[in-house]
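Here is the structure we will look at, set down as structure tokens.
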Amino acid sequence: MRATTAIGETAGAPSDCWCCGMTQPSEAMVHLGNHPEVVLCLACAHFVHKEAWEIEDRARTGPGVRARGWLRRLRRGVVERGWHNSPVIGRAVRWLGKYVP
């Protein structure tokens, strides 16, 4: 049995991520509170969370903020060099990227 949402879509129907366009079942996506038509896949939702954390850190000071800033710069360097796609260290770098800011 399928339920109809407020905007007329059927729950469980495939939805497209508004960020990357990936199609997944609606219940596997993150829906934004007052805008249920806006959905993000889990990978994009994690990315948005990291971006929000970076914006919050701009108004803060301290050793934790400096450490997270250093890790963000390191991440940008890894991506610019394409190390995350390396057959030798790529898998480990991508795994580590999930757990650092």
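Being a predicted model, the structure only gives us computed values, none of them experimental.
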key: side chain to side chain donor-acceptor pair (under 3.5 Å) partners for R72, two or more places apart   =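 Testing R72 for side chain to side chain donor-acceptor pair (under 3.5 Å), a comparison that skips the adjacent residues, returns D57.
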
query = Got a sec, which residues hit side chain to side chain donor-acceptor pair (under 3.5 Å) with T23, two or more places apart in sequence or on another chain?
reply =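 So T23 forms a side chain to side chain donor-acceptor pair (under 3.5 Å) with D16.
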
request  = With rounding to the nearest 0.5 Å, note down the distance linking CD in Q24 to CG in L40.
outcome  = 11.0 Å

Residues that, via side-chain heavy atoms closer than 4.5 angstrom, fall in one hydrophobic cluster with [X]:
| X | value |
| --- | --- |
| W83 | V78, V88, I89, V93 |
| V65 | none |
| M22 | none |

key: Polar side-chain atom of R81 near backbone of G77 as donor-acceptor pair, under 3.5 Å   =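 A pair under 3.5 Å: yes.
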
query = Less than 4.5 Å apart, any side-chain heavy atom of R60 and any of R68?
reply =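 Heavy-atom side-chain distance check passes, below 4.5 Å.
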
ask   = Are M29 and C17 close enough that some pair of their side-chain heavy atoms sits under 4.5 Å apart?
value = yes

ask   = Taking it one step at a time, do S26 and H31 satisfy side chain to side chain contact (heavy atoms under 4.5 Å, CB included)?
value = CA-CA 9 Å; S26 181; H31 297 264; 3.2 Å; yes

Side-chain polar contacts of residues 41-54 - donor-acceptor pairs under 3.5 angstrom, sequence neighbours left out - could you list them?
from : atom 1 : to   : atom 2 : distance (Å)
K50  : NZ     : G97  : O      : 2.6
K50  : NZ     : V100 : O      : 2.9
E54  : OE2    : R76  : NH2    : 2.8

task = For atom CZ of R94, decide whether the heavy atoms of other residues, nucleotides or ligands shown that lie under 6.0 angstrom number more than 12.
result =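 Atom CZ in R94 is crowded, with more than 12 foreign heavy atoms closer than 6.0 Å.
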
